[in-house]
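Worksheet for the structure shown next.
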Amino acid sequence: MVDGPRMTLQTMLVLNVMLADPAKRRFGLELCAETGQPSGTIYPILARLERFGWIEGRKESPAEHLAEGRRARYYYTLTDEGAVRARAALERARRSRGAAAGLRTATP
């Protein structure tokens, strides 16, 4: 059974940004800017993280976006459980990648 999303480099970038301030609401294009990844990469990651319950997405209220004269944004926030799982998954991924890097650099 899979208990979380695959830890691609792009997923790790998103989680690292979100974990920098777990309570902060972030919208997709903000995450694109902070990770350096295109929207076509970020939005599928956000959908997967939401499916796993690691983040919650909410559309902002009309009062927020109409006052600024723009379209509504979807904001994403880490859930408490999502933050715990994200930290653990990132640590596992780092250990795994570190071990794999050590194997590649080993000399016979």
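Numbers here are sequence positions counted from 1.
Here T8 contributes atom OG1 and I45 contributes atom CD1; the two are 5.0 Å apart, rounded to the nearest 0.5 Å. Taking CG of L78 as the start and CG of L19 as the end, the distance is 5.5 Å to the nearest 0.5 Å.
Residues F52 and V84 do not share a hydrophobic cluster, clusters being chains of Ile/Leu/Val/Met/Phe/Trp/Tyr side chains in contact below 4.5 Å.
For the salt bridge (charged side-chain N to carboxylate O under 4.0 Å, His left out) test, residues two or more places apart in sequence or in another chain that qualify with R58 are E56. Looking at residues two or more places apart in sequence or on another chain, you find no side chain to side chain donor-acceptor pair (under 3.5 Å) involving D21. Take R87 and apply the salt bridge (charged side-chain N to carboxylate O under 4.0 Å, His left out) test, not counting sequence neighbours, and it matches no residue. Residues satisfying the side chain to side chain donor-acceptor pair (under 3.5 Å) test with E68, not counting sequence neighbours, are R70.
At a threshold of 4.5 Å between non-hydrogen side-chain atoms, the residues I55 and L46 count as touching.
In terms of heavy-atom proximity, P5 sits nearest to L49 at CG-CD2, 3.6 Å. Of all the heavy atoms in A63 and A67, the pair that sits closest is O-CB, 3.3 Å.
Of the candidates M12, R95, R85, L90 forms a side chain to side chain contact (heavy atoms under 4.5 Å, CB included) with just one, namely M12. Exactly one of V14, L15, L9 qualifies for a side chain to side chain contact (heavy atoms under 4.5 Å, CB included) with T11. That residue is L15. Screening R25, K59, R73, R71 for a salt bridge (charged side-chain N to carboxylate O under 4.0 Å, His left out) involving E64 leaves a single residue, R25.
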For residues 26-43, tabulate all N or O donor-acceptor pairs below 3.5 Å that involve a side-chain atom, not counting sequence neighbours.
residue : atom : partner : partner atom : Å
R26     : NH1  : E34     : OE1          : 3.2
R26     : NH1  : E34     : OE2          : 3.0
R26     : NH2  : V17     : O            : 3.2
E30     : OE1  : F27     : N            : 3.2
E30     : OE2  : K24     : NZ           : 3.4
T35     : OG1  : L31     : O            : 2.7
T35     : OG1  : Q37     : N            : 3.2
Y43     : OH   : L29     : N            : 3.4

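Residue pairs satisfying the side chain to side chain donor-acceptor pair (under 3.5 Å) criterion with at least one member in residues 44-54, sequence neighbours excluded, are absent.
By the neighbour-count criterion of 12 heavy atoms within 6.0 Å, atom OH of Y74 is sparsely surrounded, having that number or fewer from other residues, nucleotides or ligands.
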